[in-house]
Amino acid sequence: MTDRYAVIGNPISHSKSPLIHQLFAQQTGQDMSYEAIEAPLDGFAATIRRLRAEDYKGCNVTVPFKLEAYQLCDRLGERARDAKAVNTLIFQDGKILGANTDGAGLLNDIEQNLGFKLMWKNALLLGAGGAASGVLWPLFNAGVGVDIANRNIEKAQILAKEFTGSGTVYARRYEELAGRQYDLVINATSSSLSDELPPLPDGLFKPGALAYDMMYGRETPFMAFARRQGATTVSDGLGMLVEQAAEAFYLWRNVRPNTQAVLGQLRK
Ligand code: ATR
């Protein structure tokens with residue numbers, strides 16, 4: 001019997017995850033299906049109940065259900081516990097296991113695909129919502145000092161406070177960024193969705209700097225800004241999407257797909 005998986009979100013029609021997992025399955029010879037399911041905004045738990053009743057083996061979870069998924073789990077992986085968000089569910093022995101592969105996806109893309117070494121670097125993380133909090137601990141664990149900038153400074157302060165005593169992390173207002181320089185600037189805001197640019201000053205990028213937008217699909221205002229400002233490498237988030245998918249695939253199937261090949265196919 002073909003093992004069934006899905007990604008659940010709202011909206012979900014734009015998702016590239018079914019294509020990515022189909023390519024992984026072909027490449028590794030796994031007998032599985034993977035579909036996109038749009039759950040009603042008040043119907044996430046009911047959708048999970050249905051999938052379990054129909055003997056699905058697991059699913060991915062995307063916006064806006066990652067916190068609800070976290071709350072639903074019987075057991076959590078370390079990354080999921082840190083981020084208080086779950087993007088991968090495994091249905092096993094009547095239990096729901098939850099993992100978060102977003103952070104590993106970002107790190108793999110930056111270090112392996114883009115060849116950018118993270119240890120000892122300083123980063124500016126833009127945004128303090130779910131996308132930002134999901135990658136904060138992994139960045140910290142990779143040896144990166146992080147400044148978090150957000151329009152709503154209280155949200156950035158709350159995130160920064162979780163690190164007190166364990167690492168270098170500061171909350172900054174956008175106005176405080178003038179005169180500061182970073183090796184790595186990550187856009188984890190939703191500004192690109194509305195074709196906006198966070199209020200960034202000139203001169204933010206150190207020589208050799210990487211500018212990374214977690215959005216994918218098109219050149220964003222943040223990416224254009226980074227190019228104008230002379231960032232050495234500018235990347236969208238497609239590689240992160242493929243890498244987080246590969247980590248989920250590994251958890252489900254115990255096989256590591258070749259992500260570079262799939263990323264190449266998607267970029268074409
Ligand atoms: P997500 O889960 O995708 O992170 P979210 O929790 O709604 O979504 O968070 C959106 C983030 O994008 C927030 O940090 C938000 O900043 P505020 O908290 O100050 O509102 C940020 N954001 C959205 N549009 C932005 C813009 N045009 N400029 C700067 N930040 C923006």
Side-chain angles (χ1 to χ4, degrees), residues 7-17 38-39 41 44 60-72 79-88 98-103 105-106 109 123-140 146-163 169-178 180 182 184-202 204 211-226 228-229 236-238 240-241 244-245:
V7 57
I8 303 170
N10 186 330
I12 199 66
S13 58
H14 65 281
S15 174
K16 289 203 192 304
S17 292
E38 183 168 290
L41 290 175
F44 177 71
N60 283 130
V61 179
T62 186
V63 179
F65 299 124
K66 290 184 188 181
L67 176 63
E68 253 185 275
Y70 166 80
Q71 290 162 341
L72 218 61
R79 295 287 98 79
R81 210 175 311 119
D82 289 343
K84 297 189 179 61
V86 159
N87 77 334
T88 304
N100 190 319
T101 67
D102 286 332
L106 178 71
D109 191 35
L124 175 63
L125 182 63
L126 307 174
S133 73
V135 299
L136 193 51
W137 275 102
L139 282 172
F140 172 67
V146 185
D147 281 3
I148 308 167
N150 202 46
R151 293 179 305 192
N152 175 340
I153 188 69
E154 283 81 26
K155 276 167 68 180
Q157 285 164 341
I158 289 167
L159 264 191
K161 210 169 154 205
E162 292 179 20
F163 280 83
V169 56
Y170 295 98
R172 309 265 185 213
R173 292 171 207 280
Y174 280 101
E175 307 87 81
E176 284 177 62
L177 298 179
R180 295 187 186 277
Y182 298 91
L184 170 63
V185 181
I186 299 174
N187 185 15
T189 72
S190 50
S191 62
S192 303
L193 289 174
S194 44
D195 266 322
E196 290 170 355
L197 177 69
L200 297 170
D202 291 342
L204 211 50
Y212 195 98
D213 200 321
M214 284 168 59
M215 272 269 304
Y216 62 88
R218 64 189 143 87
E219 176 89 355
T220 66
F222 171 75
M223 291 167 71
F225 169 82
R228 284 199 304 277
Q229 292 283 321
D236 71 359
L238 187 63
M240 174 178 176
L241 182 78
Q244 65 77 28

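One-based numbering, in listed order, for ligands and for the atoms of each.
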For the 3.5 Å polar cut-off, considering only N or O atoms, please tell me whether A128 and ligand 1 meet it.
yes
So for ligand 1, is S190 a polar contact partner (N or O within less than 3.5 Å, distance only)?
yes
Rounded distance [0.5 Å steps], CG in D147 versus OH in Y182:
3.5 Å
Closest protein heavy atom (residue, atom, distance) for atom 26 (C) of ligand 1:
R151 NH1, 3.3 Å
Rounded to the nearest 0.5 Å, what's the gap from CG on L67 to NZ on K84? Could you check?
10.0 Å
Considering only non-hydrogen protein atoms, determine which one is nearest to atom 5 (P) of ligand 1 and report residue, atom name and distance to 0.1 Å.
G129 CA, 4.1 Å
Can you confirm, on distance only, whether ligand 1 has an N/O atom lying under 3.5 Å from any N/O atom belonging to P199?
no
Just verifying a value: how many Å separate L106 CG and T101 OG1, rounded to the nearest 0.5 Å?
11.5 Å
Table please: side-chain donor-acceptor pairs of residues 151-158 below 3.5 Å, with sequence neighbours left out.
{"unit_1": "N152", "atom_1": "OD1", "unit_2": "E154", "atom_2": "N", "d": "3.1"}
{"unit_1": "N152", "atom_1": "OD1", "unit_2": "K155", "atom_2": "N", "d": "3.3"}

Below 3.5 angstrom, do we get any N/O pair linking A131 and ligand 1?
yes
Write out the residue and atom name of the closest protein heavy atom to atom 8 (O) of ligand 1, then the distance separating them to 0.1 Å.
G130 N, 4.5 Å
Heavy-atom proximity to atom 17 (P) of ligand 1 ranks first, among N150, I153, L193, for N150
Any residue meeting side chain to side chain donor-acceptor pair (under 3.5 Å) with S191, in chain and number order, not counting sequence neighbours
T189
Interatomic distance, CZ@F140 vs CG@D82, rounded to 0.5 Å, equals 10.0 Å
Provide, to 0.1 Å, the distance between atom 21 (C) of ligand 1 and the closest protein heavy atom, together with that atom's residue and name.
T189 CB, 3.6 Å
Side chain, backbone, both or neither: E196 near ligand 1, heavy atoms under 4.0 Å
side chain
